[in-house]
Amino acid sequence: MSTRPEAAADAWAMGEALDEAALALATGDVPVGAVVLGPDGTVVGRGHNVREAAADPAGHAEVVALRAAAAALGRWRLDDCTLVVTLEPCLMCAGATVLARVPRLVLGAWDPKAGACGSQWDVVRDRRLNHRVEVVGGVRAAESSELLLRFFETRRQEPGEGAQGL
(Lines give C-alpha, C1' and ligand atoms only; values in the text may rest on other atoms or scores of the structure.)
Protein backbone atom coordinates (compact mmCIF):
# COMPACT_ATOMS: atom_id res chain seq x y z
CA MET A 1 0.00 0.00 0.00
CA SER A 2 1.16 3.49 -0.80
CA THR A 3 2.40 5.83 1.91
CA ARG A 4 0.65 8.81 0.32
CA PRO A 5 -1.72 10.42 2.84
CA GLU A 6 -4.54 10.19 0.27
CA ALA A 7 -4.11 6.43 -0.26
CA ALA A 8 -6.63 5.32 2.40
CA ALA A 9 -9.17 7.91 1.28
CA ASP A 10 -8.67 6.88 -2.37
CA ALA A 11 -9.21 3.21 -1.49
CA TRP A 12 -12.38 4.05 0.45
CA ALA A 13 -13.73 6.21 -2.39
CA MET A 14 -12.95 3.47 -4.91
CA GLY A 15 -15.09 1.17 -2.78
CA GLU A 16 -17.96 3.62 -3.24
CA ALA A 17 -17.34 3.66 -6.99
CA LEU A 18 -17.27 -0.15 -7.06
CA ASP A 19 -20.66 -0.18 -5.31
CA GLU A 20 -21.96 2.12 -8.06
CA ALA A 21 -20.48 -0.13 -10.74
CA ALA A 22 -22.38 -3.11 -9.34
CA LEU A 23 -25.66 -1.20 -9.79
CA ALA A 24 -25.08 -1.10 -13.56
CA LEU A 25 -25.33 -4.89 -13.72
CA ALA A 26 -29.08 -4.82 -13.04
CA THR A 27 -29.73 -3.11 -16.38
CA GLY A 28 -27.14 -4.94 -18.45
CA ASP A 29 -24.85 -1.93 -18.55
CA VAL A 30 -21.08 -2.35 -18.43
CA PRO A 31 -20.22 -2.19 -14.71
CA VAL A 32 -18.37 1.08 -14.40
CA GLY A 33 -18.98 3.30 -11.41
CA ALA A 34 -17.85 6.77 -10.38
CA VAL A 35 -18.09 9.14 -7.46
CA VAL A 36 -17.11 12.77 -7.10
CA LEU A 37 -15.62 13.84 -3.79
CA GLY A 38 -16.18 17.38 -2.64
CA PRO A 39 -13.52 19.56 -1.03
CA ASP A 40 -14.16 17.95 2.37
CA GLY A 41 -13.82 14.42 0.97
CA THR A 42 -17.51 13.54 1.11
CA VAL A 43 -19.33 12.12 -1.89
CA VAL A 44 -21.19 14.90 -3.72
CA GLY A 45 -22.01 12.95 -6.88
CA ARG A 46 -22.53 9.32 -7.83
CA GLY A 47 -22.96 7.57 -11.12
CA HIS A 48 -22.80 4.30 -12.96
CA ASN A 49 -23.18 3.43 -16.62
CA VAL A 50 -26.77 3.93 -17.81
CA ARG A 51 -26.32 3.71 -21.58
CA GLU A 52 -28.60 0.66 -21.82
CA ALA A 53 -31.01 1.73 -19.06
CA ALA A 54 -31.50 5.25 -20.40
CA ALA A 55 -30.75 4.63 -24.10
CA ASP A 56 -28.21 7.43 -23.69
CA PRO A 57 -24.91 7.29 -25.57
CA ALA A 58 -23.48 9.79 -23.07
CA GLY A 59 -24.71 7.76 -20.10
CA HIS A 60 -21.23 6.94 -18.84
CA ALA A 61 -20.59 6.72 -15.10
CA GLU A 62 -18.27 9.73 -15.09
CA VAL A 63 -20.72 12.01 -16.88
CA VAL A 64 -23.57 10.93 -14.58
CA ALA A 65 -21.42 11.55 -11.48
CA LEU A 66 -20.10 14.91 -12.72
CA ARG A 67 -23.65 16.08 -13.47
CA ALA A 68 -24.82 14.98 -10.02
CA ALA A 69 -21.92 16.77 -8.33
CA ALA A 70 -22.53 19.97 -10.29
CA ALA A 71 -26.22 19.88 -9.34
CA ALA A 72 -25.41 19.21 -5.67
CA LEU A 73 -22.84 22.01 -5.50
CA GLY A 74 -24.79 24.42 -7.70
CA ARG A 75 -21.90 25.04 -10.07
CA TRP A 76 -20.28 23.48 -13.13
CA ARG A 77 -16.73 24.21 -12.02
CA LEU A 78 -15.60 21.29 -9.91
CA ASP A 79 -12.14 22.74 -9.34
CA ASP A 80 -11.95 21.53 -5.74
CA CYS A 81 -13.24 18.00 -6.32
CA THR A 82 -11.83 14.57 -7.08
CA LEU A 83 -13.33 12.16 -9.61
CA VAL A 84 -12.98 8.49 -8.66
CA VAL A 85 -13.84 5.91 -11.32
CA THR A 86 -13.44 2.15 -11.61
CA LEU A 87 -12.18 2.22 -15.22
CA GLU A 88 -9.91 4.68 -17.01
CA PRO A 89 -12.14 7.28 -18.69
CA CYS A 90 -12.74 7.25 -22.45
CA LEU A 91 -12.21 10.29 -24.68
CA MET A 92 -15.64 11.75 -23.89
CA CYS A 93 -15.30 11.32 -20.15
CA ALA A 94 -11.71 12.56 -20.07
CA GLY A 95 -12.88 15.65 -21.95
CA ALA A 96 -15.75 16.17 -19.51
CA THR A 97 -13.30 15.89 -16.61
CA VAL A 98 -11.07 18.56 -18.12
CA LEU A 99 -14.02 20.83 -18.96
CA ALA A 100 -15.38 20.53 -15.41
CA ARG A 101 -11.94 21.66 -14.18
CA VAL A 102 -11.55 18.60 -11.94
CA PRO A 103 -7.99 18.74 -10.57
CA ARG A 104 -7.61 15.10 -9.55
CA LEU A 105 -8.69 11.77 -11.05
CA VAL A 106 -8.40 8.44 -9.23
CA LEU A 107 -8.95 5.37 -11.39
CA GLY A 108 -9.07 1.66 -10.81
CA ALA A 109 -8.38 -0.39 -13.92
CA TRP A 110 -6.51 0.98 -16.90
CA ASP A 111 -8.27 0.61 -20.27
CA PRO A 112 -5.64 -0.27 -22.88
CA LYS A 113 -8.23 -0.26 -25.69
CA ALA A 114 -10.05 3.01 -25.14
CA GLY A 115 -8.47 4.81 -22.18
CA ALA A 116 -7.84 8.53 -22.57
CA CYS A 117 -5.92 9.23 -19.36
CA GLY A 118 -2.62 7.60 -20.21
CA SER A 119 -3.33 4.37 -22.11
CA GLN A 120 -4.39 5.16 -25.70
CA TRP A 121 -4.44 8.94 -25.26
CA ASP A 122 -3.65 11.33 -22.44
CA VAL A 123 -6.31 13.99 -22.83
CA VAL A 124 -6.34 14.99 -19.16
CA ARG A 125 -2.66 15.98 -19.20
CA ASP A 126 -2.45 17.40 -22.72
CA ARG A 127 -0.40 20.60 -22.57
CA ARG A 128 -2.45 22.12 -25.37
CA LEU A 129 -5.47 22.38 -23.08
CA ASN A 130 -6.05 25.08 -20.50
CA HIS A 131 -6.47 22.61 -17.63
CA ARG A 132 -4.60 19.47 -16.66
CA VAL A 133 -5.60 16.73 -14.24
CA GLU A 134 -3.47 14.78 -11.78
CA VAL A 135 -4.02 11.05 -12.41
CA VAL A 136 -3.70 8.42 -9.70
CA GLY A 137 -4.10 5.02 -11.32
CA GLY A 138 -4.41 1.44 -10.19
CA VAL A 139 -6.39 2.01 -7.00
CA ARG A 140 -8.11 -1.30 -6.22
CA ALA A 141 -7.40 -2.23 -9.84
CA ALA A 142 -7.81 -5.98 -9.32
CA GLU A 143 -11.37 -5.54 -8.01
CA SER A 144 -12.29 -3.16 -10.81
CA SER A 145 -10.84 -5.49 -13.44
CA GLU A 146 -12.49 -8.58 -11.98
CA LEU A 147 -15.94 -6.98 -12.11
CA LEU A 148 -15.47 -6.15 -15.78
CA LEU A 149 -13.96 -9.53 -16.65
CA ARG A 150 -16.87 -11.38 -15.03
CA PHE A 151 -19.39 -9.18 -16.86
CA PHE A 152 -17.87 -9.77 -20.29
CA GLU A 153 -17.35 -13.47 -19.64
CA THR A 154 -21.04 -13.80 -18.80
CA ARG A 155 -22.01 -11.82 -21.90
CA ARG A 156 -19.93 -14.06 -24.13
CA GLN A 157 -21.67 -17.14 -22.72
CA GLU A 158 -25.18 -15.82 -23.44
CA PRO A 159 -26.66 -17.27 -26.65
CA GLY A 160 -26.71 -14.81 -29.51
CA GLU A 161 -25.12 -12.02 -27.50
CA GLY A 162 -21.39 -12.15 -28.17
CA ALA A 163 -19.88 -8.72 -27.64
CA GLN A 164 -22.56 -6.86 -29.58
CA GLY A 165 -23.65 -3.52 -28.21
CA LEU A 166 -20.87 -3.25 -25.68
Side-chain angles (χ1 to χ4, degrees), residues 1-38 41-53 58-69 78 80-98 100-126 131-157 163 165-166:
M1 189 71 170
S2 173
T3 58
R4 292 181 302 105
E6 302 95 355
D10 290 349
W12 171 82
M14 188 59 70
E16 296 293 304
L18 285 161
D19 290 346
E20 281 295 317
L23 296 174
L25 294 170
T27 57
D29 276 288
V30 177
V32 177
V35 295
V36 177
L37 304 178
T42 62
V43 175
V44 295
R46 295 177 177 276
H48 56 274
N49 276 357
V50 294
R51 290 189 320 166
E52 299 295 333
H60 289 209
E62 301 93 325
V63 171
V64 174
L66 289 169
R67 286 177 176 160
L78 303 177
D80 53 1
C81 296
T82 297
L83 175 62
V84 180
V85 61
T86 59
L87 180 65
E88 180 183 2
C90 68
L91 281 166
M92 175 182 69
C93 295
T97 302
V98 169
R101 306 298 193 269
V102 173
R104 189 166 182 267
L105 168 68
V106 176
L107 63 92
W110 292 97
D111 185 351
K113 292 183 180 178
C117 300
S119 290
Q120 282 292 322
W121 302 276
D122 200 355
V123 171
V124 296
R125 293 178 285 205
D126 192 313
H131 176 74
R132 279 169 288 293
V133 180
E134 173 192 0
V135 177
V136 178
V139 175
R140 295 178 71 171
E143 293 167 82
S144 297
S145 295
E146 182 62 28
L147 189 60
L148 290 161
L149 289 170
R150 281 195 320 251
F151 173 79
F152 287 113
E153 184 176 280
T154 301
R155 292 294 294 231
R156 283 190 291 274
Q157 292 172 359
L166 302 179

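If you're wondering where the values come from, they're calculated on a predicted model, not measured in any experiment. Throughout, residue positions are numbered sequentially from 1 according to the sequence presented.
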Subject >> Between CZ on residue Arg156 and CZ on residue Phe151, distance to nearest 0.5 Å >> reply: 10.5 Å
**OP:** List the atom of Asn49, the atom of Ala61, and the distance in Å for their closest heavy-atom pair.
**Re:** OD1-N, 2.8 Å
**OP:** Please report the C-alpha distance between Val123 and Leu91 in whole Å, then the side-chain angles of each, then the deciding distance to 0.1 Å, and finally whether the side chain to side chain contact (heavy atoms under 4.5 Å, CB included) criterion is met.
**Re:** CA-CA 7 Å; Val123 171; Leu91 281 166; 3.6 Å; yes
Subject >> Any Gln120 side-chain heavy atom under 4.5 Å of Pro112 side chain >> reply: no
**OP:** Quickly, which of Leu147, Val32, Val30 forms a side chain to side chain contact (heavy atoms under 4.5 Å, CB included) with Leu87? Name it, please.
**Re:** Val32
**OP:** May I ask you to test the Leu37-Val84 pair for a side-chain heavy-atom distance under 4.5 Å?
**Re:** yes
Original post:
Side chains of Ser119 and Glu88: is there a donor and an acceptor less than 3.5 Å apart?
Top reply: yes
Original post:
Can you name the closest pair of heavy atoms from Ser145 and Ala109 and give their distance?
Top reply: OG-CB, 3.4 Å
Original post:
Less than 4.5 Å apart, any side-chain heavy atom of Leu66 and any of Val36?
Top reply: yes
Original post:
With a 4.5 Å limit on heavy-atom distance, are the side chains of Leu107 and Val136 in contact?
Top reply: no
Original post:
Any donor-acceptor pair under 3.5 Å linking the side chain of Asp29 with the backbone of Ala53?
Top reply: yes
Subject >> Thr86 side chain near His48 side chain, heavy-atom distance below 4.5 Å >> reply: no
Original post:
Can you name the nearest heavy-atom pair linking Val133 to Arg125, along with the distance?
Top reply: O-CG, 3.2 Å
Subject >> Check: Glu6 and Arg104 side chains under 4.5 Å, non-hydrogen atoms >> reply: yes
Subject >> For the student: nearest non-hydrogen atoms of Pro103 and Cys81, plus distance >> reply: CD-O, 3.0 Å
Original post:
Less than 4.0 Å between a side-chain N and a carboxylate O, is that true for Glu153 and Arg150?
Top reply: no
Original post:
Are any non-hydrogen side-chain atoms of Val102 and Thr82 less than 4.5 angstrom apart?
Top reply: no
**OP:** Looking only at non-hydrogen atoms, find the nearest pair between Val85 and Met14 and report the distance.
**Re:** O-CE, 3.4 Å
Subject >> Nearest non-hydrogen partners of Gly59 and Val64, listed with the distance >> reply: C-CG2, 4.4 Å
Original post:
Is the shortest distance from a Lys or Arg side-chain nitrogen in Arg101 or Asp80 to a carboxylate oxygen in the other one below 4.0 Å?
Top reply: no
Original post:
Tell me, do Leu105 and Cys117 make a side-chain contact under 4.5 Å, heavy atoms counted?
Top reply: yes
Subject >> Worked verdict on Arg132 versus Asp122 for salt bridge (charged side-chain N to carboxylate O under 4.0 Å, His left out) >> reply: CA-CA 10 Å; Arg132 279 169 288 293; Asp122 200 355; over 6 Å; no
